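These numbers were taken from a predicted model, which means no experiment stands behind them. Per chain, numbering begins at 1; letters A, B, ... match sequence-line order.
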Amino acid sequence: MKALSLALATTLTLVPLAASAQEPPVRWQRRSGPTEVPVTVFHSTQSANLPTAETLRKGELLFEISHRFQPAMSQGSHALWGLDGPVTNRLGLAYAPADRIMVGVLRSNLDDNLEFNAKARVFEGGRESTPFMVGVMGGVALNTQTIGGPGYNGDETQAYAQLILNTRVGGRLALGAVPTFLHNPRIADATAKNAFMLGVNGAFYLSSMAAVFGEWLASGARPDYNDESLTLKDAITLGLQLETGGHFFKLMVTNSTRANPAQVLPGTPYSFTPHEWRFGFNITRVLKIGG
Amino acid sequence: MTMRIQAALRVLAATLLSFGVGPPSVAAQELQVDRDAQNVVRFTSRTQVDEFEGVTDKIDGYVLLDGEPLSATTGGDDTELYFEVDLASLDTGIGLRDRHMRDDYLEVKRYPYASFKGKITHTEVSGSGGAHVTAAGTFTVHGVSMEREIACDVTPTGPGYRTTCGFPVLLSDHRIDIPKVMFLKLSNEIQVDVQFTVSPAGNRPGRKP
């Protein structure tokens, strides 16, 4: 009887092992978790004029066409609410040679301004509910059409450097601060000076495809480079943004008729009052280059 | 005494086998996705104005065959298969589009996987050891399950099989809404093409715990 008990115990111990090696699996054990979704703060690489810390992915190319209509919307039907023009045009190309790094070129018809720039996202972190990103951007701009005139020293070159601080709160609100250093803000001066300014921007995402956005460039008062009698004011923009799988469409009202960063950053002769609002738009398209 | 023990063991073994405990008459074989192989899951959206693909290699799962090797008799309730695709890993080539796909359409934070769970219903052996295999089961994406029949071509490779499948998926079947602004760019009918290799599971991780 003792032997039988031993045999039974031994058999009951061994049989389940043999059976488990041959039974169909009844549940699946994952070998890895799901892929981590990248953090997003601002959806776009820029608001209207200010950069965000968002960058393209390696191998992506961004094409941009933007307009700022020079007549105020308040001119009414006589000027088709500003759409008759003339218009300040900006064409841009940007390319990402690596993830988180972009290089670009912008060309505006205002003084035939040509700019070369680069941007990098250097930090991303924070909590899932309040992600935080830091980026840096710099650019060198040149007016290829010399303005000339009394007092002009011929130095048409400008340069800027920006620190980009972005965060998102409450899931739908993205906020940014962009401390900016600008060399030669007033190209009419005989001696180039330096200026510091602060840009702030925000976007409230109504859905994943639509947002309202705004930006404020606190640049400080200085005389306009074309008209000494005009004191420049802060450039402010409010707009609506629609995005699809590769496009951004941004429609905006603004008190600035300038387009390239080094031209917008010093300020605008117009106040941000409804009477001085101008219509503008940015359209960007992201394409993949190569495989 | 030894004779009595042996007799008791024989009776015990016979009793256990009569209850189905023990090796089946035909050896079952578990095959598992070989994650080192060139696995590809590709979906294609075609409209009159746009066409794009999403690609990933993040497919995993297993198939249990009732006999070894694959033959014309393979199929039925003794077979079992389960495959899943990590949807957040799908890459359409444009980061902005990937984000829309993840957030707006697939909602991967709530539904991170697409899966197919079922059994083999029919096997038609072709030349060179390959087969045309039909499986029936539950296809789940976006948290919505559909009963589907999926046909695949299977060819031997090394100790396992290379499997190629293709089937359409209607986004509307899985309650994936297409925004009106996107109806020209994203088709309701998505073609899914899958290629992967399964090999004997052995004792590798991923097998039944």
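Neither the backbone nor the side chain of B/Phe52 comes within contact range of chain A; no heavy atom of the residue lies under 4.5 Å from a heavy atom of that chain. With a threshold of 4.5 angstrom between heavy atoms, A/Leu242 does not approach chain B through any atom at all. A/Ser32 touches chain B through backbone and side chain together, each having a heavy atom under 4.5 Å away.
In this structure, B/Asp98 and A/Arg57 approach most closely via the heavy-atom pair OD2-NH1, 2.7 Å.
By the 4.5 Å heavy-atom criterion applied to side chains, A/Glu60 and B/Leu96 are not counted as neighbours. Within the 4.5 Å cutoff, side-chain heavy atoms of A/Pro38 are placed close to those of B/Arg102. Here the side chains of A/Lys288 and B/Arg97 are not in contact, with every heavy-atom distance at 4.5 Å or above.
The candidate with the highest count of non-hydrogen atom pairs below 4.5 Å against chain A, out of B/His100, B/Met101, B/Lys109, is B/His100.
In this structure, CG on B/Asp103 lies 6.5 Å from OG on A/Ser208, to the nearest 0.5 angstrom.
A/Thr35 pairs in a side chain to side chain contact (heavy atoms under 4.5 Å, CB included) with only one of the listed residues (B/Val108, B/Thr56, B/Asp86), which is B/Asp86.
Between B/Arg99 and A/Glu54, none of the side-chain N atoms (NZ, or NE/NH1/NH2) sits under 4.0 Å from a carboxylate O, so this pair counts as no salt bridge.
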